[in-house]
Amino acid sequence: MDVESIVQMLLHGNQLKRTARTGWVQRGVPKSENVAEHSYGVAYATLILAELVDEAVDLGKALALAVLHDLAEGLTTDIPAPAWRFLPAGIKLDVERGAMDEILGETQFKEQFMDWWEDLHLNESAEARLVHDADKIDLYVQAMVYEQQTGNSHLEEFWTIAPRFHFPPAQAIYDALRARRAD
């Protein structure tokens, strides 16, 4: 066991607790969540959605994908979606892949964790699709909470384009959030 690599990996993961979700900051949300808080929300939504979908899901794998999904941001920071259009095609994935390689270091589980991370980005497995749905659900739950807490009108843009979900239960939850927001 390479303890030093594991300690470095834990420190990179801990960095997520100090990495702001820049999309909220740009929209004037005071004391907005950090990436670690978001990752918890995605894992929690994954746990719930896994119980609701009709497709067989390996819950352990799905939760691993949820926990790892933004780990690269411990090095890259959170680049908000509007900025992606200014980046060369494919560069974000390449940069995050390099960050994951560095974060995982020489740990004995590097190959497994990279395989899970790559699976998430291929978005072909049921677990990857579920985590992508959970990622969106967490975003919309958080947007609604921020709107209610702060009255921030800059969050309206999140609701103007309806997202596409892979699983009907995720769509139903999103629809319920929209309906609750309209009340």
Side-chain angles (χ1 to χ4, degrees), residues 8-49 62-88 90-104 113 116-118 120-121 123 127-166 170-171 173-174 176-178 180-181:
Q8 273 306 117
M9 186 179 169
L10 289 168
L11 290 170
H12 282 298
N14 186 270
Q15 178 61 40
L16 298 179
K17 294 178 182 181
R18 296 176 303 284
T19 303
R21 296 264 291 160
T22 54
W24 300 128
V25 173
Q26 287 179 325
R27 287 161 184 87
V29 175
K31 298 180 183 174
S32 61
E33 72 177 344
N34 59 47
V35 176
E37 291 166 322
H38 166 65
S39 292
Y40 168 79
V42 174
Y44 187 56
T46 296
L47 181 65
I48 293 168
L49 287 173
L63 289 172
L65 296 179
V67 169
L68 293 172
H69 90 282
D70 278 342
L71 181 59
E73 293 180 12
L75 285 177
T76 66
T77 73
D78 178 39
I79 301 169
W84 298 348
R85 67 177 189 223
F86 298 109
L87 299 174
I91 193 74
K92 182 179 184 293
L93 184 61
D94 291 343
V95 167
E96 288 180 348
R97 185 177 287 117
M100 286 297 291
D101 185 63
E102 182 175 321
I103 288 168
L104 296 174
F113 283 23
W116 281 332
W117 188 84
E118 293 289 351
L120 179 68
H121 291 282
N123 201 30
E127 294 81 8
R129 292 190 315 272
L130 186 76
V131 170
H132 283 286
D133 280 2
D135 193 18
K136 292 174 195 161
I137 291 297
D138 182 65
L139 172 79
Y140 287 102
V141 166
Q142 194 63 60
M144 189 176 77
V145 167
Y146 284 150
E147 284 179 321
Q148 291 172 347
Q149 287 177 343
T150 67
N152 188 324
S153 62
H154 299 293
L155 304 180
E156 178 69 32
E157 69 183 276
F158 285 99
W159 303 95
T160 58
I161 299 173
R164 293 186 345 207
F165 290 97
H166 300 284
Q171 182 66 55
I173 292 167
Y174 170 77
L177 288 167
R178 283 189 64 89
R180 179 177 284 212
R181 185 176 171 267

Is I161 atom CD1 crowded by more than 12 heavy atoms from other residues, nucleotides or ligands, each under 6.0 Å away?
no
Any idea which heavy atoms bring [X] and [Y] closest together, and the distance?
X: A72; Y: I103; answer: CA-CD1, 3.9 Å
X: A20; Y: V25; answer: CB-CG2, 4.0 Å
X: A162; Y: Y174; answer: CA-OH, 3.8 Å
X: S39; Y: H69; answer: OG-CE1, 3.9 Å
X: L87; Y: I91; answer: CB-CG2, 3.5 Å
X: L139; Y: F158; answer: CD1-CE2, 3.9 Å

Can you check whether [X] reaches [Y] side chain to side chain, under 4.5 Å on heavy atoms?
X: L155; Y: V29; result: yes
X: V131; Y: L120; result: yes
X: W84; Y: K92; result: yes
X: M100; Y: F113; result: no
X: Q15; Y: V35; result: no
X: W24; Y: H38; result: no
X: E96; Y: H121; result: yes

So, the side chain of [X] versus the backbone of [Y]: is there a donor-acceptor pair under 3.5 Å, distance only?
X: D78; Y: T22; value: yes
X: Y140; Y: R178; value: no
X: R18; Y: N14; value: yes

Given Y146 and R27, is the side chain to side chain contact (heavy atoms under 4.5 Å, CB included) satisfied, shown in steps?
CA-CA 11 Å; Y146 284 150; R27 287 161 184 87; over 6 Å; no
Hey, what do you get for [atom1] ([X]) to [atom2] ([Y]), rounding to the nearest 0.5 Å?
X: Y40; Y: N34; atom1: OH; atom2: CG; value: 13.5 Å
X: E37; Y: R21; atom1: CD; atom2: CZ; value: 10.5 Å
X: R180; Y: I173; atom1: CZ; atom2: CD1; value: 11.5 Å
X: F165; Y: L49; atom1: CZ; atom2: CG; value: 9.0 Å
X: D70; Y: D135; atom1: CG; atom2: CG; value: 6.5 Å
X: L16; Y: E73; atom1: CG; atom2: CD; value: 7.5 Å

Residues R97, E118; criterion side chain to side chain contact (heavy atoms under 4.5 Å, CB included); working and verdict
CA-CA 8 Å; R97 185 177 287 117; E118 293 289 351; 2.6 Å; yes
Is the closest basic N to carboxylate O distance between E156 and R181 below 4.0 Å?
yes
Begin from the C-alpha positions of W116 and V67 and carry the test side chain to side chain contact (heavy atoms under 4.5 Å, CB included) through to its verdict.
CA-CA 10 Å; W116 281 332; V67 169; over 6 Å; no
For a quick check under 3.5 Å, do N123 and H166 share a side-chain donor-acceptor pair by atom type?
yes
